[in-house]
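Below is one structure, written out as structure tokens; comments come after it.
Indexing begins at 1, ligand by ligand and atom by atom, following the structure's order. What you see is a predicted model; the values in this text were computed from it and never measured.
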Amino acid sequence: RAKSAGGNRFELADAEADARAITRHGLTTALPAALERGEFFIEYQPIVRLDDGSVRGAEALVRWLHPQHGVLGPDRFIPLAEHTGLIVPLGRWVLEQSVRQARAWRERFAQPRPLRINVNLSPVQLSHPGLVQDTVEILEREGVGPEALCLEVTESALIGADDDLLKPLRQLSEMGVDIALDDFGTGYSNLANLRRLPLNILKLDRSFTQGMQQFPADPVDLKIVEGIVTMAHSLDLAVTVEGVETSAQADQLRILGCDTAQGWYYARPGPPERLHELALADAGG
Ligand code: C2E
Ligand code: MG
Ligand code: MG
Ligand code: MG
């Protein structure tokens with residue numbers, strides 16, 4: 001039966017699987033040298049306030065400019081870096097670059113509404129004992145206050161987290177760093193579970209926004225998001241929505257009370273100068 005369905009397809013699938021495994025192995029072994037040679041770079045995606053459209057800050061998203069494969073997204077190499085532990089120095093590099101960028105933005109776009117930088121944190125970094133000290137050192141060295149930084153941790157990283165894992169997050173939070181729960185809605189946690197976590201921001205996963213491309217969206221989808229927003233606000237959490245691609249989504253999410261948004265509708269991730277244009281546009285200049 002397999003033959004009549006096209007025996008070659010199985011061979012092709014095997015060949016593809018082999019190629020993927022080889023690439024994965026090749027990428028894994030190339031990671032340390034790539035970090036030393038400066039092959040990683042960061043794109044920034046603006047985060048916008050839904051009420052007045054002003055720029056709240058940006059999320060730092062790492063990329064790898066691979067000499068043979070071109071630009072690789074984080075989904076291709078972060079899991080490999082987590083597996084080998086390289087995520088610790090790589091994550092520290094991302095944090096340092098991002099904080100430096102935040103300082104540059106803050107010098108350029110002064111108070112009273114300073115920009116904040118969001119940096120993703122892997123669960124492997126969370127369980128690494130140097131995290132708090134590295135973060136403090138980077139902020140001090142760059143002369144940036146903790147309120148300029150938001151660390152994003154995914155829901156799945158915190159599911160069933162014990163106190164040892166939460167302790168560094170609590171320390172960072174007490175210092176004044178904001179903590180965001182990334183990709184909320186993709187895991188299994190319920191809002192009651194969140195009470196024991198030191199969180200300031202809930203980032204609603206893109207799967208929620210996807211249902212709102214039509215205006216009006218499915219009433220059940222609207223009710224679900226409305227409920228999440230109400231509960232988040234009652235727990236003193238601000239709500240950021242991911243993956244806003246259309247004005248219909250932006251309008252409905254604003255009406256539902258979401259605070260900030262991020263997505264291609266506003267800007268794709270890009271070089272830091274892109275944010276200068278947006279921030280200058282809201283300053284009216
Ligand atoms: P994330 O933190 O949830 O980041 C949002 C992802 O959604 C980014 O993908 C972004 O490019 C994409 N995105 C933003 N707006 C839209 C939109 O309107 N539509 C669609 N379809 N997608 C949108 P990206 O850059 O590929 O990053 C994927 C994930 O890799 C991130 O998900 C984050 O979990 C992880 N990541 C990125 N940078 C780092 C890092 O420095 N360290 C760690 N540990 N993880 C990182
Ligand atoms: Mg994120
Ligand atoms: Mg996210
Ligand atoms: Mg995501």
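Distances from atom 15 (N) of ligand 1 to the heavy atoms of E43, Q262, R63, Q45 show the closest one on Q45.
Per-residue contacts place P74 under 4.0 angstrom from the following atoms of ligand 1 (heavy atoms of the residue considered): 24 (P), 25 (O), 26 (O), 27 (O), 28 (C), 30 (O), 36 (N), 37 (C). Listed by atom number, the atoms of ligand 1 under 4.0 Å from E245 heavy atoms are 17 (C), 18 (O), 19 (N), 20 (C), 21 (N). Ligand 1 places these atoms under 4.0 Å from at least one heavy atom of G263: 15 (N), 18 (O). Ligand-side atoms of ligand 1 in range of P269: 11 (O), range being under 4.0 angstrom from any heavy atom. Of all atoms in ligand 1, listed by their number and element, those nearer than 4.0 Å to a heavy atom of G243 are 16 (C), 17 (C), 18 (O). The contact set between ligand 1 and V62, taken as ligand atoms under 4.0 Å from a residue heavy atom, comprises 38 (N), 39 (C), 40 (C), 41 (O). For ligand 1 and D75, the ligand atoms under 4.0 Å from any heavy atom of the residue are 28 (C), 29 (C), 30 (O).
Note that the CD atom of Q213 and the OG atom of S247 stand 11.0 Å from one another [nearest 0.5 Å]. Atoms NZ and CG, on K167 and L126 in that order, are 13.0 Å from each other to the nearest 0.5 Å.
Checking only distances, E242 does come within under 3.5 Å of ligand 1, N or O to N or O. Any N or O atom pair closer than 3.5 Å counts here, and E59 shares at least one such pair with ligand 1. Taking any N or O of W264, backbone or side chain, at least one lies under 3.5 Å from an N or O belonging to ligand 1.
Between A217 and Q252, the closest heavy-atom pair is N-OE1, 2.9 Å. Listed here is the closest heavy atom pair of V119 and S98: CG2-CB, 3.7 Å.
Restricting E59 to its N, O or S atoms, the one at the least distance from the Mg ion (ligand 2) is OE2. Closest approach between the Mg ion (ligand 2) and any N/O/S atom of D182 involves OD2.
Between F77 and F40, the angle of the ring planes lies from 30° to 60°, which puts this pair in the tilted group.
Heavy-atom distances between G91 and ligand 1 stay at or above 4.0 Å for every pair. In this structure, R206 is part of the shell of residues with a heavy atom less than 4.0 angstrom from ligand 1.
Taking 4.5 Å as the limit, some side-chain heavy atom of V225 sits within range of a side-chain heavy atom of M212.
Under 4.0 angstrom from ligand 1, the non-hydrogen atoms of L61 come from both its backbone and its side chain. Under 4.0 Å from ligand 1, the heavy atoms of D182 that appear belong solely to its side chain. If you look at V244 next to ligand 1, the close heavy atoms, those under 4.0 Å, all belong to the backbone.
When the shell of 6.0 Å around CD of E36 is examined, it contains 12 or fewer heavy atoms from other residues, nucleotides or ligands. The neighbour count for H69 NE2, taken as heavy atoms of other residues, nucleotides or ligands under 6.0 Å away, is above 12.
Of the options K203, R268, R116, a salt bridge (Lys or Arg N to Asp or Glu O under 4.0 Å) to E59 is made by K203 and by none of the others.
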* Asked: Can N118 and Q45 be said to form a side-chain hydrogen bond (donor to acceptor under 3.5 Å, both in side chains), step by step?
  -> CA-CA 9 Å; N118 286 35; Q45 186 176 36; over 6 Å; no
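For N120, the nearest N, O or S atom to the Mg ion (ligand 2) falls under 2.8 Å. Under 2.8 Å from the Mg ion (ligand 2) lies an N/O/S atom of E152, whether from backbone or side chain. Contact annotation: D183 places no N, O or S atom under 2.8 Å from the Mg ion (ligand 2).
Remark: the W264 side chain and the E245 side chain contain no N/O donor-acceptor pair separated by less than 3.5 Å. A donor atom on one side chain and an acceptor atom on the other are not found under 3.5 Å apart for Q101 and Q97.
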